[in-house]
Amino acid sequence: MATSTKSTALLTDMYELTMIDSAMASGTADRHCVFELFARRLPGNRRYGVVAGVARALEAVENFRFDAAEIDYLSEAGFLRDDTLEWLANFRFSGDIWGYPEGECYFPHSPIMTVEGTYAEAGILETVLLSILNYDSAVATAASRMTVASHDRPCLDMGSRRTHEISAVAAARAAVIGGFVGTSNLEAARTYGIKPIGTAAHSFTLVHDSEEEAFKAQIASMGAGTTLLVDTFDIHDGVEKAVRSAREAGGELGAVRLDSGDLVAQAFNVRKQLDDMGATQTKITVTNDLDEYAIAALNAAPVDSYGVGTKLVTGSGHPTAEMVYKLVAREDSSGTMREVAKKSAEKASIGGLKVAGRTHDETGRATEEIVVSAKTREDGLAYLESIDARPLEVPLVVNGEVNHDYTTPSALAHAAERHRNSRAALPYAAWRLSDGEPGLPTRMLDIFEGDD
């Protein structure tokens, strides 16, 4: 994974800093606190979510510093006191972060990330952590649903032109965690080692004097194994010209791409045409505003791969995972740790440091998500061990030091494999695309015992 050296400190909301300013004045900024990042619900009543963005979040934490340029800007803005500016100038996160590793499935109230430190240093990370995990997890969840629908037929990211240029890179990475195997975005391919894919658009055909000339030009450049877009004019004629052009170049055509119309009917017609021409090894790839439901509808059609754009990078209708970041435990004036929680209607939170595990039956099928509110992580882990639940969280940052096992170039492939295994262990009902209850029930337990 390529590591940026640019400060991420201003990728935040103003109130993160004004709260620190006020807390420093009131004497509460140094109180030990526990913040929890979680989702109260799964967007769209989906059956599971997919954790993604952890590596990018850790990189952001590592680069969260206020250099001279940031301090100068804040000083000129004039809303912080001098001692707060001095604190920011020396800021380096020194606390601990535990969380679900990338690729793990999550459910309502899963403690996806737990941040411990002083109120100031843990609270200041709220916006940047949420912005990364909310978007990346939304895309990874959509990608996972699409790869479930594809039944192991390859899915490819083609969504760069449908989102912000920076989020396009993040989306390509998140899509791989959800099971995609390639991206059209070259920056994502370079940064994360993803397979780059792509050949030509309709404009390439139209700039030539004939469709056949366009096909021959592409084959001359990319070889007979390339993929030719055959629906610029007439699909039947396009397929015939494509196969003939490849054979004249001494090979068999790699694939044809369909990008419009009734894709199911066209796929059957094109497959028969290819087979009748003896091009039995030529594959069919389809694009055109696909989502998980369109992919599922194509299951019976002879389609070999899918290119997905808009619906992937926008979370297939849910562009955020709706995660929140809440204070769940804090040190009081006497130094005792206390559970804290919001009581707001429809936005209530559950107090206490959480430790999560998952139980499985004798076949390895997941049965329940267990979330334990405990005074210490050791207490929570001991409880999970007593009920034979697999711990779900891993140490991501310890005493301010990032665990680079989760940011190395190989971390993305490990995350994709982790997701395959996590998803495979879910009950069959969790794989359904229809709206419904979460695929696993979550049982909340409180063994905090922090109050006298």
Side-chain angles (χ1 to χ4, degrees), residues 37-54 99-113 133-153 155 171 174-180 290-299 306 308 311-324 350 354 356-361 363-371 389-390 392-393 415-444:
L37 190 152
F38 65 98
R40 294 187 178 94
R41 65 190 68 84
L42 297 175
N45 294 316
R46 289 173 171 176
R47 309 300 181 108
Y48 65 89
V50 182
V51 177
V54 172
Y100 283 38
E102 286 191 286
E104 188 64 75
C105 294
Y106 74 88
F107 301 92
H109 297 291
S110 294
I112 295 165
M113 189 170 280
L133 290 168
N134 262 321
Y135 180 69
D136 289 30
S137 297
V139 173
T141 300
S144 178
R145 288 162 58 84
M146 291 170 187
T147 54
V148 164
S150 75
H151 289 283
D152 294 326
R153 297 170 180 173
C155 290
V176 170
I177 294 173
F180 276 51
L290 300 177
D291 62 10
E292 60 265 50
Y293 303 106
I295 291 172
L298 285 159
N299 273 336
Y306 306 91
V308 189
K311 296 299 174 63
L312 173 67
V313 299
T314 58
S316 196
H318 298 281
T320 173
E322 298 183 18
M323 295 173 184
V324 294
I350 300 170
K354 313 297 192 309
R358 193 167 294 162
T359 56
H360 299 76
D361 64 20
T363 69
R365 187 70 60 191
T367 56
E368 196 173 33
E369 189 98 338
I370 308 293
V371 179
R390 173 175 71 89
L392 293 170
E393 298 151 287
E417 180 180 11
R418 184 180 298 112
H419 178 58
R420 287 192 296 272
N421 294 334
S422 179
R423 187 177 67 184
L426 296 180
Y428 173 75
W431 288 49
R432 293 175 181 165
L433 300 180
S434 58
D435 295 356
E437 295 296 318
L440 282 185
T442 298
R443 179 154 55 106
M444 308 291 297

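All values below come from the heavy atoms of this structure, side chains included, with hydrogens, waters and symmetry mates left out. Note that the coordinates shown come from a computational prediction; the quantities given were computed from them, not determined experimentally. Throughout, numbering of the chain's residues begins at 1 and tracks the sequence.
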Does any non-hydrogen side-chain atom of [Y] lie less than 4.5 Å from one of [X]?
{"X": "Leu290", "Y": "Lys311", "value": "no"}
{"X": "Pro438", "Y": "Arg41", "value": "no"}
{"X": "Leu392", "Y": "Tyr106", "value": "no"}
{"X": "His360", "Y": "Arg365", "value": "no"}

Looking at [atom1] of [X] and [atom2] of [Y], how far apart are the two atoms once the value is rounded to the nearest 0.5 Å?
{"X": "Phe38", "Y": "Met113", "atom1": "CZ", "atom2": "CE", "answer": "14.5 Å"}
{"X": "Met323", "Y": "Leu133", "atom1": "CE", "atom2": "CG", "answer": "6.0 Å"}
{"X": "Leu426", "Y": "Asn421", "atom1": "CG", "atom2": "CG", "answer": "11.0 Å"}
{"X": "Asp136", "Y": "Ile177", "atom1": "CG", "atom2": "CD1", "answer": "7.0 Å"}
{"X": "Leu440", "Y": "Ile370", "atom1": "CG", "atom2": "CD1", "answer": "9.5 Å"}
{"X": "Glu322", "Y": "Ser137", "atom1": "CD", "atom2": "OG", "answer": "12.0 Å"}

What closest approach, in Å, do [X] and [Y] show between heavy atoms, and which atom pair accounts for it?
{"X": "Leu433", "Y": "Ala149", "value": "CD1-CB, 4.1 Å"}
{"X": "Ala430", "Y": "Gly439", "value": "CB-CA, 3.6 Å"}
{"X": "Pro108", "Y": "Thr442", "value": "O-OG1, 3.3 Å"}
{"X": "Val139", "Y": "Ala171", "value": "CG1-O, 3.6 Å"}
{"X": "Glu369", "Y": "Phe107", "value": "OE1-CD1, 3.7 Å"}
{"X": "Tyr100", "Y": "Ala356", "value": "OH-CB, 3.3 Å"}

Exercise. For the residue pair Arg145 and Tyr293, confirm or rule out a side-chain donor-acceptor distance under 3.5 Å.
Key: yes
Practice problem: Salt-bridge test for Glu104 and Arg423: reply yes if a basic N is under 4.0 Å from a carboxylate O, no otherwise. | Solution: no
Self-check item: Salt bridge present between Glu102 and Arg418 (N-O < 4.0 angstrom)
Solution: no
Quiz prompt | Working for side-chain hydrogen bond (donor to acceptor under 3.5 Å, both in side chains), residues Arg358 and Thr367 | solution = CA-CA 7 Å; Arg358 193 167 294 162; Thr367 56; over 6 Å; no
Quiz item: Which residues satisfy the side chain to side chain donor-acceptor pair (under 3.5 Å) test with Tyr306, sequence neighbours excluded?
Solution: Arg153
Quiz item: Is the CG atom of Asp152 crowded by more than 12 outside heavy atoms at less than 6.0 Å?
Solution: no
So does [Y] get a backbone contact from the side chain of [X], meaning a donor-acceptor N/O pair under 3.5 Å?
{"X": "Arg443", "Y": "Val371", "result": "no"}
{"X": "Ser316", "Y": "Ala142", "result": "no"}
{"X": "Thr147", "Y": "Gly178", "result": "yes"}
{"X": "Thr359", "Y": "Glu368", "result": "yes"}

Quiz item: side-chain hydrogen bond (donor to acceptor under 3.5 Å, both in side chains) with Ser144: which of Arg46, Arg420, His419, Glu292?
Solution: His419
Exercise. Applying side-chain contact (heavy atoms from CB on, under 4.5 Å), run through Arg47 and Leu42 and close with a yes or a no.
Key: CA-CA 7 Å; Arg47 309 300 181 108; Leu42 297 175; 5.8 Å; no
